[in-house]
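Down below is the structure, laid out as C-alpha cells.
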Amino acid sequence: MDFGFSLSPSSAIDLDKVDLSLYRRLEQTVPDIRSCIACGSCSATCMAADYSGMSVRKLILNLQRGADVKKMLSCCMLCGKCTMVCPRGINTRKLILDVCRYYSDNKL
Amino acid sequence: MKESVVIIGGGIAGLEAASQLLALGLSPVIVEKSDHLGGHVAEWYRLFPDLSPAQDLVTHLVSSTSGARIYLETEISRINALKDGYSATLNNGDVLFCKAVLVCTGFHLFDAAKKEEYGYGIYNSVITNRDLEHWFGGLEDARIPDNPRAVGFVHCVGSRDVKAGNTQCSKVCCMTAIKQAIEMKEKFPEAEVYCFYMDLRLFGKKYEDFYISAQRDYGIHFIRGRVSEVSEDIDGRLLVKAEDTLSGKPLKVRLDLLVLMAGMVCSPQTGRIASMVRAEVDDDGFLRSRDNIYSIVESGRKGIFFAGACTGTKTIPETVAEARAAALSAFRYIKEKA
Amino acid sequence: MIYQGKQKIWSDYQKEIPDNHWFYVRSCIRQSFFPASEGHFVKIVRDLLGKDLYETPHHTTCGGIAYHSDTIPQETAMTIVARQFSLMKEAGYKNLVTSCITSFGNYTEILETWREFPELETRIREHLWKACRREFDKPEYVAHASDVVYKLRNEIAEKAKFRLVNHETGEPLRIVEHIGCHYSKMFPHKGVGGAEYPCVLSGMVESWGGKVIDYPERRHCCGFGFRQYLVKANRGYSVSNTHKKFESMEPFHPDLIITNCPGCPYFLDRWQYVISEQTGKTYGQNGHGIPALTYEELAGLVLGYDPWDLGLQIHQVGPEPLLDKMGIAYDPARKYLGLDEKDIMKPGLPTVLKCY
Amino acid sequence: MRERIPSGFDPFVLPFLIGIGFVLLYCLLAAMRVLWQCPREDRRRFFLSLITPTTALRNLWDIFANCLIHVKLWKRNKLLGFMHSSIAFGWFMIILLGHLEVFLFVPHRLNLFYYPIFFNYFVAETDTSLRGAFLFFLMDFFLLLILIGIALAIIKRVRSRLFGMRRTTRLSFLDTVGLYSLWLIFPLRLLAESFTASISGGSFLVKPLNWLLEAVLGSQFLLNPANNLPTWWAYSIVLGIFMVVLPFTRYMHIPTEMMLIPMRNAGLRIRHARRGYALLEVYSCPGCGVCIDACPMSVKKANIKDCTVYLNRQIRRGNERRIEEISDKCLLCGKCTEVCQVGVEGPALRIFQRARRQYAVNPDYAAVNVAPPESAGKVLYFGGCMTALTPSIGRSMESVLGKLGIDYTWMDRDGGICCGRPMLQAGRFPQAAEMVRKNTELIKASGADTLLLSCPICYKMFRDHYKLPGIRVVHHTQYFEELRRSGVLKLSKSDLCYAYHDPCELGRGCGVYEEPRTLLGSAAYIVEAEKNRGESICCGGSLGSLSLGFQQREAMTRRALENLTVAGPDAIATACPLCRSTFARYSSIPVRDIAEVVDLSL
C-alpha cells in the first residue's frame, strides 16, 4: 500500500556490522593509516577535492566505518600533495593506490 | 626547637612538601584523614607515560618523609590564627602549633553514577578508571569479563560538563584513557578498544608519542564523539551510542566493558579547610591562589600555602613541582618572619 | 543490570504527589484516540477509590500542541494556561492533574519559565486580565495523571481482579514501558524516577505483577515528534523512529506496551500496521502486533473492567492475545457494538498484521 | 709441427663440447624468443638496422668497446676496468689466436670446434720457429693477462673496498658455481699446458712452469698420458660446467649484451616489463652491484635488496612478490641507469612492472572541468602541484617575470590539473593520458607560444609526453639563462656561495645540467656537491616511490644533504619545488629555488 511516505533508512553506523575487510587489508600494507588524526590537511590541499569530494581524511574514516569510498577516488590525480602535507607522515599515495587495487568487486 | 608546618593531606603533594621541608630544616606534621598515605596515587597501578608503578613513587615519598610526624585517620577540627602562626586542633584532641599551614587536600574523583545515562552502578559492565586500576593492581572485579571482545573508554566523564557542575578539564583523563586502553589491549590483544573523546588534550612530554603508539602499534580506535547513552541489549552487552562527529553520523557499538574516565572535582574537605583558614574558594570549587601565574602556591593569607590539586586539576609532575615550590615558599616565609 | 542501582536513582527522584483533591484537565486528542481512557481514570480515582477529583467543562486546550507545532508563540500558550489556573482558582483547588504529557510538560515549562523570569508572569497576568478579566494562582502541585495512578498503584493492586501474569504459565508478562518525552526529559526532577530510568510506569507494572523489559532504545521517542508527523512529507521520519524502537524491543518478545502520553500509544499502535504493510514484518506472536495501551486502560483491565468498555477495540493492534494471556474473558460479538449496543461497524482488515 | 693425435679426438673434449653446444642452443632459442616477443614494427626496425652499414659498424664498435674493453668501466674505475677487460679481452684473444693457430698449422681441423681450445694438446709445435714462438708468446701473454684479472677478481671478492666498492651483490648458488668455475678455467689451462709443454711447446709462462714441474715430478711423469691427460680433462670439465651453468647465472650477461647493443642502437625501447627488449636488459645485468652504492635508498645499508641488480635477479627468478616490492619502492631517480655499465633502465623496468597491476577502481576525469587560461599571454606559466606547496617559488616567478615585463599567464594559480607524471610513474598510463589530453586542450586553447615550467617533474612530462606543436616547452632555468644571455635579465652577483643540487628529473631526466649552473653562477658563487650532475643524489622526496614511508626517507634526505654540503656552502640552490621542500625539512642552511635566487639578484 502506498502511504505517500516510507521508512527512511538509518544513517547510523553500527560498528558491529560494518565490513572492515578492506580496512584490515590496508592496515597491513599502509599501517600508518591507523595514526590519522583527521586534521584535514590532505583534503585542504587536494587538487581533486572540488570535483569528487576527494579527501584522504574521509577516505580513511570511511574505510574505518566500512563505507563507500569509490566515488571520491574518481578524480584523484595521484599528485602527492596530500602526502607532502600530512603531519603524521602517512603514505597517502600508497593508500590510494592500494584502495584502488583492493576494492573488492562486490562493493562496486 | 624547629619551626613546625602543618600539612593537611598526605597525598603526594603533602608527602613531597614534607620531604622538602625536612631537608630545609623545618619540622612538618602531616594530618591525613584516611588510613594510608599517597592519596589517589596509592590506589593507582601504573602511571603514564612511562608505565612506571605508582607504588614506587608512593614508597619513595613515604620513605623520604620518615622524619615527619604523621597523623593517619585524623581530621582537623579547628584552626586558629595566633600572633606568629596558627594552632590546629585535631579531632583526636591534639593541638598543633605551627608557623605555617600547607593545604594539600587534593581532589575528589567525580562520582560517575551522577552521569545517569552511562549507567554506572546500573549496568553490569560499566566501571570507572579507578575500578580498572584496582583490577590491574590485582583486585577481583566481577564486572570485568574474562574475554572481552570490545572495550570502550569514555573520556571527560564529569569534566568539561556544565550539567555535571564541572566546567574544568581534568587534564589527566585523556592520557589515563590511552594508558588504560593500551594496558587492556596488552591483556586482551584480540579485543577492539574504542576511546570516545571530545578533544584529546595531550600536552606533556611524551604524551603525543604515547598517543601515536596507541593508534599505530595497538590499533586503538579513537572516535571523536561523546557517548550519549548506554543501554544493555538482550545478551547483556552494552550498546553504546555516540555521534561520530567526523562523519557527522550517529554511531553505535556493542561493548563488553565500558570504562568511564571520571574526572577530578574539588574535594569536599577543601571547602571545610578553606573556611577554617579563611582562604578563598574559586567558582569551580577549588581554592583560589593569589594569582594563577606566579603565585599558584600562595593563598591571599599570610602563612597559608597551597600545593597540588586543591587549587585545580594537576598531573603528578605538576603536583610534585608545586609541593616543592610551596615548601620553599613556606620556608622563606618563616625565615623572613624570624 | 543491577536493580539496586536503579532503586538508588529512583530514590533520588522522588516527587511529591498529593494523595487527594485534584483539579483534572483533559487532553485534546486522547478523547478521540482512546475515548474510554480518561473516563476510566475518573471512574477509578473518584468512584472506585473515592478520591476528590474535580473537572470543569470550561477548560480548553493548554496550547501545547500548537506551541510544539510552531503555530503559536509561547506567550499565547502561557495566557491559555493562565486561564486554566484561574478556573482552578475559581473551583478552589491547588493541585493540578493533567491527562496529557504535553500539557504536563507545557505547564511545567511555563511555571519554570515564570520562576526564572517573574516579569513574564506579571505580563501574562496583564494579558489574561485584558483578555477575559480573570486572575489566577499558580498551582501548588502539578502532576500527571500517571503520577496519580503511580501513587495509587498499590491501592489498585489490592482491588485487582487480574494480574499482569500469564495465567497459564504463571510467568509475569514482559512489558515495555514507554514514557512520553515531555514527561521528564525536560525537567528530570518533575518526573517520578527522573529522565534516564523513570519509574512512573515501571512502578505500576511491577506493582501489578508484570516484568519491565529494559531494551536498548527504551529512551527513544515514539516517533510522533509533532512536525514529524503533522507534515505529511516528514512522516517517513516518524515511522522510521517507531520502527527503530520495534527492532530494538523485538528480541525481548514483549507481550504489551504501556505508555503515558497521548501520542505514544497511538503511534506505537498505528505504525505497527504501516510497518507491516511496508516491510511485511509484525512484532507480536503469530503475526499479531504488540498491544500498546494507555496506563488507564491497563489499570482498567487489571481492575476487571470489560475490555470493550475500555475502548480496546479502537486500537489497531488487537488486544485479544493479551486478554487471553491474562485470562480475561471477553465477548467477541460485542467488540464492535457501541455503548448503546448498536453496531459501530467492523473496520477492514490489514493485509499483513493479524487482527480479529 | 705435427699432430699428436692422428684421429684429432680425445674423449676429454666431450665436457667442453656438451657445454658449448648447450649454451649456443640456449642462446639461439632465447634470442628467437626475444625477437618473437617484440612488436612487429620493432622487429622490422631491428633487422633493418643490422643491414644499415652505419649502425652495423656502430654495433661492432659498441660490442668491442663495451663487452671486451669495458670502456665505461674504465672511465668509472680503472682497476675494475682493467680487471674486466683483462679477462674479457684476454679470453677473446686466446680464442682468436687459437683459431689463428689452427688456421695456420692445421687448417683441415678448422671444422672442429674444440681444436682451437685444446690446440696445445692435439698439436705439438716447436717454439723455435718464429711463427710458433710468436704465437706462443701471445698466447702466454694473454693467459697471463687473464690470470692477473682473475687474481684481481679474487681479491675483489674478499676486499671489495680496495676497488672503491662499498657494497657488492650477494651471489646465488649457481652464480657461485659459475664464478668458481670461471676462476678455475685459466689456472687449469695453465696447468694442462704446463704438463704438455715439453711435448707441445710454450712460451715464457708455460715453459718455466713445465721446467719447474719436471724438476719436482720428473720429465717421465709429465710425459705419461695417465698423468697429463687428467689436467686436460679438468680444464675441459670446468669449461663445460661454466658453459652449462652460464644461462642460469649472471654470466648470461655476456651473450645477452651482444644482442642488447644492436637492439638499442636500432632504437628499440622497453614496452613491457617482462617481454622482448626488457628481457635483454634484465639478462644483460652482470650483477656487478655498482647500482647498490649509487642507489639513494641504500643509505645506512637499508633497502639494498631493492636495488636494480636485485630487481633483475628477481625477474629472472620470477619471484612476483619481491618484484612488486622492489618495483614499488624505487624513487625512480635514474641514478642506477646513469652508472650502469650495460645501461639497464631500472626506473623504466619498474614503471612497466607497475603498469601490469590491475586496479578495481580507475579514476576518470570527466568531472574535472577547468576553464582554459586567458590567452592574452604569450608565455603560459604552469606551476604544478608542488609549486602550490612552495609559494615562494611561485611568488619569485611572478616577481621575475613582472620585473622583466614579460607578458604571461599563470595557468594553474587557482588550481588545475596535474601534469600526469606522478600517475605515469605509478604505471597508470590511461589515467595519465587522460590528464595529458585535458591539459593539452587547455594549453592549445590558450594560444600561448611558450609553456614555462618551474617544476622539473612537470617539465619532463610536458617535454616527453605531450604533443604541443608550435609551443615551446621550457624549464625556468633554461628560460632565465636564455634571457640573461640575450641581455634582458641582468643579475648582480651576490657574495653568497651556493651548492647546486641537480634535480633528478631535470638532470638525469632531461639532461639539463649547464643552464642552471651558468644562471646561478651569474647570481652567486657556486660550489659543487661531492656527487653532482649525472651522479647527483636524489633528495628522497621523489613521487616515484609508491611505498617508501616518510620515516624511511629521512636518512636518504640527510645523506643527500651531506653530499651537497661537503664544500661548506652558505645555502643550497635547486630547481625543483619538491627537492626544495624536502631539503628544507632537514637542512641547517637555507634552501632556495633558482627562481628565488634570480629574484634576489635582479
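Numbered from 1 within each chain, the chains take letters A, B, ... in sequence-line order.
The contact between Ile234(B) and chain C is made by backbone and side chain atoms together, counting heavy-atom distances below 4.5 Å.
Lys8(C) has no carboxylate O lying under 4.0 Å from a charged side-chain N of Glu116(B), or vice versa, which leaves the two without a salt bridge.
Other residues, nucleotides and ligands contribute at most 12 non-hydrogen atoms within 6.0 Å of the OH atom of Tyr141(C). Under a cut-off of 6.0 angstrom, the local environment of CD in Glu16(C) is sparse, with at most 12 non-hydrogen atoms contributed by other residues, nucleotides or ligands. Atom NE2 of His134(B) has more than 12 neighbouring heavy atoms from other residues, nucleotides or ligands inside a 6.0 Å radius. Heavy-atom contacts from other residues, nucleotides or ligands closer than 6.0 Å to NZ of Lys281(C) number more than 12. Remark: Lys245(C) NZ is packed, more than 12 non-hydrogen atoms of other residues, nucleotides or ligands lying under 6.0 Å away. Crowding of Glu186(B) atom CD: a count of heavy atoms from other residues, nucleotides or ligands under 6.0 Å exceeding 12.
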Derivation of the side chain to side chain contact (heavy atoms under 4.5 Å, CB included) call for Lys241(B) and Glu217(C): CA-CA 10 Å; Lys241(B) 287 196 194 175; Glu217(C) 296 295 357; 2.4 Å; yes
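Counting only N and O atoms by type, the side chains of Glu117(B) and Tyr197(C) include no donor and acceptor under 3.5 Å apart.
From Ile122(B), atom CD1 reaches atom CD1 of Ile9(C) across 3.5 Å, with rounding to the nearest 0.5 Å.
No side-chain donor-acceptor contact under 3.5 Å links Glu232(B) to the backbone of Asp214(C).
A search for side chain to side chain contact (heavy atoms under 4.5 Å, CB included) contacts involving Pro198(C) returns Ile179(C), Ser184(C), not counting sequence neighbours.
Comparing Val230(B), Val126(B), Leu238(B) by heavy-atom pairs within less than 4.5 Å of chain C, the highest count is held by Val230(B). When each of Gly236(B), Gly119(B), Ser231(B) is checked for heavy-atom pairs under 4.5 Å with chain C, Ser231(B) comes out on top. Among Lys6(C), Arg219(C), Arg218(C), the residue making the largest number of heavy-atom pairs under 4.5 Å with chain B is Arg219(C).
Considering every non-hydrogen atom in both Pro216(C) and Leu239(B), the closest pair reads CB-CD2, 3.4 Å.
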